[in-house]
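Following: one structure in structure tokens, then a few remarks.
Please read these numbers as outputs of a predicted model, since none were measured by experiment. The first residue in the sequence is number 1, and the count goes up from there. In each ligand, atom 1 is the first atom listed, and ligand 1 is the first ligand listed.
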Amino acid sequence: MFLNNTIYKTDYHTHTYYSDGRGWPEDYIGRAKEIGLKEIGFSDHLTLTEEQQDWSIKPSKLNEYSERILRIKERVSGIKVRLGLEVDYFPGREDEISRAISALPLDYVIGSVHYLGEESVDLGREYYKDKNINEIFELYFRMVSRAAATGLFDFMAHPDLVRIYNYNPSGNPEPMYRELAAALKKSDIAFEINTNGMNKPLQDFYPDRNYLRVFREEGVPVCVNSDAHAPIKLGQHFDEAYDLLKDAGFTETVVFSKRQRSMKPLNDR
Ligand SMILES: [Zn+2]
Ligand SMILES: [Zn+2]
């Protein structure tokens, strides 16, 4: 797979052995260059739950992770390397999250909602059994908005992850997307097209491609990410995702350095 390389493509959502990925950061670099990415960012999970989840980086390993990526950054040419984290949002733990991320020289922080209360929404269909799907969607979208409002994060991951098992709300979900997009805009935070939904029962991207237009109309900045858990998944389905962005009327994508956001044009010239 070689990407259409006339667009400035970045992949900021990747996982290594430090969390639940299957590859060391170094393993990703060769593949990223091979497929023509202009930037690769590492974003291992940080999940600050009481019981240390095994898909999260151990907090004691954060410095090692950070130093390792910084060393790669210095050594590698031909591609920009970024240091990030995908951090689970838990209401009430903002200070703890803030302390953890401010201690590191991060280029960006991805805010992520995998949990509603104690339960995770993407570790099996059980969560959805005997629950009202409309309520789950409303709860999930509200939690993403709430995470965005904390100001802790640079962009929100997979904004409608609750689609993972193909459950859909009844009625027209557009107002829900509209409200979420407006909340992201108000919090001045970006969102991602996450192509990893293609590997899930959903077999599509997050967010729902039908509502990308809504994010554009509300003026929410966007980037395209693979959420790769192995080097071979880097840049998966990116040509399609970038085409969707253009079709939805987006003209630029976001890039991050030292938690500063800037834009790259989304044209072929
Ligand atoms: Zn995630
Ligand atoms: Zn992820």
Distance-only side-chain donor-acceptor flag, Glu86 / His13, under 3.5 Å: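 Glu86 vs His13: donor-acceptor pair found between side chains.
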Geometric cation-pi criterion Arg209 and Phe205, 6.0 Å radius, 45° cone: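 Cation-pi check for Arg209 and Phe205: passes.
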Charged tip of Lys264 within 45° of Tyr8 ring normal and under 6.0 Å: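 So Lys264 does make the cation-pi contact.
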Cluster check Tyr115, Tyr167: I/L/V/M/F/W/Y, side chain < 4.5 angstrom: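 Tyr115 and Tyr167: separate clusters.
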Protein-derived N, O or S atoms lying under 2.8 Å from the Zn ion (ligand 1), waters excluded: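 Of the protein's nitrogen, oxygen and sulfur atoms, 3 lie under 2.8 Å from the Zn ion (ligand 1).
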Salt bridge (Lys or Arg N to Asp or Glu O under 4.0 Å) evaluation trace for Glu217 with Lys185: CA-CA 10 Å; Glu217 286 164 359; Lys185 175 66 180 175; over 6 Å; no
Phe256 and Tyr108 aromatic ring geometry - parallel, tilted or perpendicular at 30°/60° bounds: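 Ring orientation of Tyr108 relative to Phe256: tilted.
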